[in-house]
Amino acid sequence: MRKLFPLFLCIFLLTGCQPQAYSSQTFAMDTLMQFTIYGRNGQEALAHASARIQALEQLFSVTRTQSETYAVNHARGEWTAVSAELYELAARTLDLCRETGGALDLTAYPAVRAWGFTTGEYQVPDGETLKELAACIDYSRVELEENRIRLPDGMELDFGATAKGYAGEVLARELREMGVECAILSLGGNVQTIGSRPTGDPWRVGVQDPEGEDYLLVLSVVDQAVVTSGGYQRFFEENGLRYWHIMDPDTAAPARSGLSSVTIVGDSGTLCDGLSTALFVMGREEAAAYWRAHPEFEAVLVSEDGSIAVTEGLEDRFVLNTGYEDRDVEVIRR
Ligand code: ADP
Ligand code: MG
């Protein structure tokens, strides 16, 4: 028996410490989501996550006629009472619009629609139409007070740039409250991690090559969100030009800043999601300046010429993928 004991202990250490994985896929917020949760209450936590994401979509969707966002957009200049959750998302998105000087603008929706990104019936609007659209994009005209929202008749808002990040953040908080210590939630281009991998090592989250199918580099992440925005995620081509779904609020046209993708790493999924869109609009230099003035996130900036820049805090937290080892990576410092 005494001889068997160490052997038994050994086997237990190898197998007993690896909690069981529970995975599920669900389609929500216009994207395929995959949740993997480890541990004893994984099944229950998965069911909660799937139900919650559907409930949040019902509040945030800009196209569903039963959603709160739809009601706000069709109130013809009147106040609309909204749930605490939509109010929180709106308030935090509006803060980011102000903080980014309007690179993020939650009233860009009419432009997104005019280009056909809401239906897939793509078209390039003429110059006059773009001018009119740009004149109606103005986050400063959105009013929030006591769980109600008002915006001028003719303006419409959408949370396409922050809703998935916010949802990841909400799910992470609620799953932690349920006792989950180890999970990875993939919400389209948004990844939310809880704790580290079951082995105790950090999660490894790939950043896609905007020009290919493969991962450009892999980030090590613990308990944080990783969110990527890129022109390659949703686009169409006409006369040899590519047009994507991230708008420059000043022109009501796809933002051409020289960047092909922006990845943000941070504790807050909402912040990461909003900033991935905003820094894409800003471009490389303005994005670096924004990071220097704001300590709460790190970033990977991939330019259209293929060059990569990472902020200082990621310097020791990434590896280039096989096949990309010879890419130059510039480190942006404070
Ligand atoms: P994805 O939805 O692909 O993850 P983003 O987080 O970058 O990408 O959000 C893009 C979505 O946000 C668009 O589909 C549109 O609905 C909306 N949007 C586009 N440009 C802006 C902008 N400058 N500010 C705020 N929202 C935007
Ligand atoms: Mg975003």
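Note that ligands are numbered from 1 as they come in the structure, with each ligand's atoms numbered from 1 the same way. Only this structure's heavy atoms are used, side chains among them; waters, hydrogens and symmetry mates stay out.
- With sequence neighbours excluded, no residue forms a ring pair (Phe, Tyr, Trp, His ring centres under 6.0 Å) with Tyr109.
- A cation-pi geometry, defined here as NZ or CZ lying under 6.0 Å from the six-membered ring centre and within 45° of its normal, does not hold between Arg197 and Trp203.
- Not counting sequence neighbours, Glu304 has no partner by the salt bridge (charged side-chain N to carboxylate O under 4.0 Å, His left out) test.
- Considering backbone and side-chain N/O of Ser229, one or more are found under 3.5 Å from N/O of ligand 1.
- Of the listed residues (Met247, Met29, Gln233, Arg113), the one carrying the non-hydrogen atom nearest atom 20 (N) of ligand 1 is Met247.
- Thr263 and Thr228 form a side-chain donor-acceptor contact under 3.5 Å, judged by distance and modelled atom types alone.
- Between Phe236 and Phe117, the ring center distance clears the sub-6.0 Å criterion.
- Against a heavy-atom cut-off of under 4.0 Å, Leu104 is close to the following atoms of ligand 1: 24 (N), 25 (C).
- Counting heavy atoms under 4.0 Å from ligand 1, residue Val112 touches it through the side chain alone.
- The shell of residues lying under 4.0 angstrom from ligand 1, judged by heavy atoms, includes Ala103.
- For ligand 1, the atoms sitting less than 4.0 Å from at least one non-hydrogen atom of Pro249 are 23 (N), numbered in the order shown with element in parentheses.
- The shortest contact between atom 4 (O) of ligand 1 and any protein heavy atom is with Lys164 NZ, 2.9 Å.
- Atom 16 (O) of ligand 1 has Asp158 OD2, 2.8 Å as its closest protein atom, hydrogens excluded (heavy atom only).
- Of the listed residues (Ile137, Asp105, Val281), the one carrying the non-hydrogen atom nearest atom 24 (N) of ligand 1 is Asp105.
- Taking each heavy atom of Cys97 and Thr100 in turn, the nearest pair found is O-OG1, 3.3 Å.
- Heavy-atom proximity to Ile246, at under 4.0 Å, picks out these atoms of ligand 1: 7 (O), 19 (C), 20 (N).
- Between Glu169 and the choices Thr270, Thr162, Asn190, the side chain to side chain donor-acceptor pair (under 3.5 Å) rule is met once, by Thr270.
- Around the Mg ion (ligand 2), the protein contributes the following N, O or S atoms under 2.8 Å, ordered by chain and number: Ala161 O, Asp273 O, Asp273 OD1, Thr277 OG1.
- Under a 4.0 angstrom heavy-atom cut-off, Gly188 registers as lying outside contact with ligand 1.
- Inspection of the Ser23 and Thr36 side chains reveals an N or O donor paired with an N or O acceptor under 3.5 Å.
- The cationic atom of Arg256 (NZ for Lys, CZ for Arg) lies less than 6.0 Å from the six-membered ring centre of Tyr243 and within 45° of the ring axis.
- In terms of N/O distances under 3.5 Å, ligand 1 is approached by Thr277.
- A salt bridge between Glu330 and Arg284 is present, with a side-chain N of the basic residue lying under 4.0 Å from a carboxylate O of the acidic one.
- In this structure, Arg317 and Val221 approach most closely via the heavy-atom pair NH2-CA, 4.1 Å.
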N/O donor to acceptor pairs below 3.5 angstrom from side-chain atoms of residues 134-142, sequence neighbours left out:
residue: Asp138; atom: OD1; partner: Ser140; partner atom: N; Å: 3.0
residue: Asp138; atom: OD1; partner: Ser140; partner atom: OG; Å: 2.7
residue: Asp138; atom: OD2; partner: Ser140; partner atom: OG; Å: 3.4

Could you walk me through whether Arg98 and Asp105 pass the salt bridge (Lys or Arg N to Asp or Glu O under 4.0 Å) test, one step at a time?
CA-CA 9 Å; Arg98 293 189 191 108; Asp105 194 314; over 6 Å; no
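- With respect to the salt-bridge test (charged N to carboxylate O, under 4.0 angstrom), the residues Glu312 and Arg334 do not qualify.
- Close contacts of ligand 1 with Asp273, meaning ligand atoms under 4.0 Å from a residue heavy atom, involve 6 (O).
- Closest protein heavy atom to atom 11 (C) of ligand 1: Gly160 C, 3.7 Å.
- Inclusion of Ala161 in the set of residues having an N or O under 3.5 Å from an N or O of ligand 1 is warranted.
- In terms of polar-atom proximity, Asn190 is not counted as a contact of ligand 1, lacking any N or O under 3.5 Å from an N or O of the ligand.
- Protein heavy atom closest to atom 10 (C) of ligand 1, with residue, atom name and distance, is His245 CD2, 3.7 Å.
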